[in-house]
Amino acid sequence: MSKIDYNIFLIGFMGAGKSTIARSLVQKLNFPLIEMDERIVKEQGMPISEIFDRYGEEHFRDIESELVKTIGTLEPSVVSCGGGTVLRPENVENMKKSGKIVFLTATPQTIYERVKNSSDRPILNGHMNVPYIAELMEKRRPVYEGAAELTISTDGKSREEIADEIIRRLEE
């Protein structure tokens, strides 16, 4: 039986493995899964790109912040966060109140390999290349590192190895 009785928030750049690792953790811990972006899409009845177009990024971030607060009131879950969730300090604060924040990292080359065939990455449309990804990652890295209580590299590891490493390190 695991000693983990709190939320596990997975953060990181798109393609770092948040959704994939979240599913492995859910199986190992028998926790519910919360995919923040999917949940917002379902609750708002429109894709995130449409929320941005219609109401602006600020409105989307407000919805995201409300969801973080709600998650804090639910049973312990594995939460795959949207790439920008930790950009707001209040979200980081609320996440830490109800769980631990795990930063999944990967090299720009690995990220590129994982997302290059994806068309639903609006931030990369027209910029699907390693240098652009590296630049974006570098901009966000200090925020991710500042929020994280645990940092795990996903390069060259199986999803099982990564999930086991997260559980082991959280239980230490």
Side-chain angles (χ1 to χ4, degrees), residues 6-27 29 31-106 108 110-128 132-133 136-137 139-141 143-148 150-152 154 159 162-163 166:
Y6 46 79
N7 291 313
I8 299 173
F9 293 96
L10 299 179
I11 65 168
F13 200 72
M14 68 186 88
K18 296 182 297 287
S19 297
T20 303
I21 303 312
R23 287 192 298 273
S24 290
L25 286 169
V26 161
Q27 287 172 335
L29 295 169
F31 276 21
L33 171 64
I34 299 174
E35 284 272 1
M36 285 187 63
D37 286 351
E38 278 179 26
R39 178 104 164 231
I40 290 169
V41 166
K42 198 171 158 194
E43 288 174 359
Q44 299 300 310
M46 65 182 85
I48 288 168
S49 55
E50 193 176 330
I51 298 169
F52 268 68
D53 291 347
R54 277 198 197 181
Y55 308 104
E57 181 175 358
E58 195 64 20
H59 178 75
F60 173 76
R61 298 293 170 205
D62 290 342
I63 295 168
E64 204 173 46
S65 295
E66 280 308 307
L67 180 51
V68 168
K69 282 186 207 148
T70 300
I71 291 168
T73 67
L74 306 173
E75 65 185 309
S77 303
V78 176
V79 184
S80 176
C81 297
T85 307
V86 294
L87 300 177
R88 275 193 178 175
E90 73 181 82
N91 291 348
V92 173
E93 200 177 302
N94 285 322
M95 289 156 78
K96 286 184 177 179
K97 280 180 194 163
S98 72
K100 298 275 187 222
I101 302 174
V102 179
F103 175 27
L104 299 178
T105 65
T110 298
I111 300 282
Y112 172 74
E113 290 303 324
R114 290 177 184 165
V115 303
K116 67 181 179 195
N117 298 319
S118 167
S119 59
D120 58 354
R121 311 277 183 181
I123 201 162
L124 291 181
N125 287 350
H127 302 283
M128 192 63 81
Y132 183 77
I133 291 170
L136 259 183
M137 287 173 73
K139 273 187 199 146
R140 285 192 174 174
R141 189 172 53 82
V143 179
Y144 289 143
E145 287 178 350
L150 182 60
T151 300
I152 304 277
T154 63
R159 63 179 69 183
I162 296 161
I166 291 169

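Taking each heavy atom of Y6 and S98 in turn, the nearest pair found is CB-O, 3.7 Å. In terms of heavy-atom proximity, A147 sits nearest to I11 at CB-CD1, 4.2 Å. In terms of heavy atoms, L33 sits closest to A22 at CD1-CB, 3.5 Å. Contact record, N91 with E64: ND2-OE1, 4.5 Å, taken as the closest heavy-atom pair. Scanning all heavy atoms of the two residues, the minimum distance from T85 to C81 falls at OG1-CB, 3.7 Å. Taking both residues in full, the closest heavy atoms of S80 and K18 are given as OG-CB, 3.5 Å, listed atom of the first, atom of the second, then distance.
Within the 4.5 Å cutoff, side-chain heavy atoms of F13 are placed close to those of L136.
Within the model, atoms CD of E43 and CD1 of I63 stand 9.0 Å from one another, a figure rounded to the nearest 0.5 Å. A distance of 10.0 Å separates CG of L150 from CG of L10, quoted to the nearest 0.5 Å.
Among L104, I111, T105, the single residue meeting the side-chain contact (heavy atoms from CB on, under 4.5 Å) criterion with T154 is L104. If you run side-chain contact (heavy atoms from CB on, under 4.5 Å) between F31 and each of V79, V78, N7, only V78 comes through.
Note on R39 versus E35: no salt bridge recorded, every NZ/NE/NH1/NH2 to OD/OE distance being 4.0 Å or above. Note on E58 versus R61: no salt bridge recorded, every NZ/NE/NH1/NH2 to OD/OE distance being 4.0 Å or above. By the 4.0 Å N-to-carboxylate-O rule, D62 lies close enough to R88 to be salt-bridged with it.
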> So V86 and Y144, side chain to side chain contact (heavy atoms under 4.5 Å, CB included) or not? Walk me through it.
Replying inline: CA-CA 7 Å; V86 294; Y144 289 143; 3.4 Å; yes
> Run the side chain to side chain contact (heavy atoms under 4.5 Å, CB included) check on I34 and L74 step by step: do they pass?
Replying inline: CA-CA 11 Å; I34 299 174; L74 306 173; 4.0 Å; yes
> Under the side chain to side chain contact (heavy atoms under 4.5 Å, CB included) criterion, do V92 and I101 qualify, and how do the steps go?
Replying inline: CA-CA 8 Å; V92 173; I101 302 174; 4.0 Å; yes
>> Between F60 and R54, is the side chain to side chain contact (heavy atoms under 4.5 Å, CB included) condition met? List the steps.
In response: CA-CA 10 Å; F60 173 76; R54 277 198 197 181; over 6 Å; no
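Formation of a donor-acceptor pair under 3.5 Å by the R159 side chain with backbone atoms of I21 is not found in this model. Put simply, the side chain of S77 gets close to the backbone of E75: a donor and an acceptor are under 3.5 Å apart. A donor-acceptor pair under 3.5 Å is absent between the side-chain atoms of K100 and the main chain of M95, judged by distance alone. Side-chain atoms of T70 come within 3.5 Å of backbone atoms of E66 as a donor-acceptor pair (strictly under, hydrogens ignored). When atom types are taken as modelled, the side chain of N94 and the backbone of V68 share no donor-acceptor pair closer than 3.5 angstrom.
Other residues, nucleotides and ligands place more than 12 heavy atoms under 6.0 Å from the CZ atom of F52.
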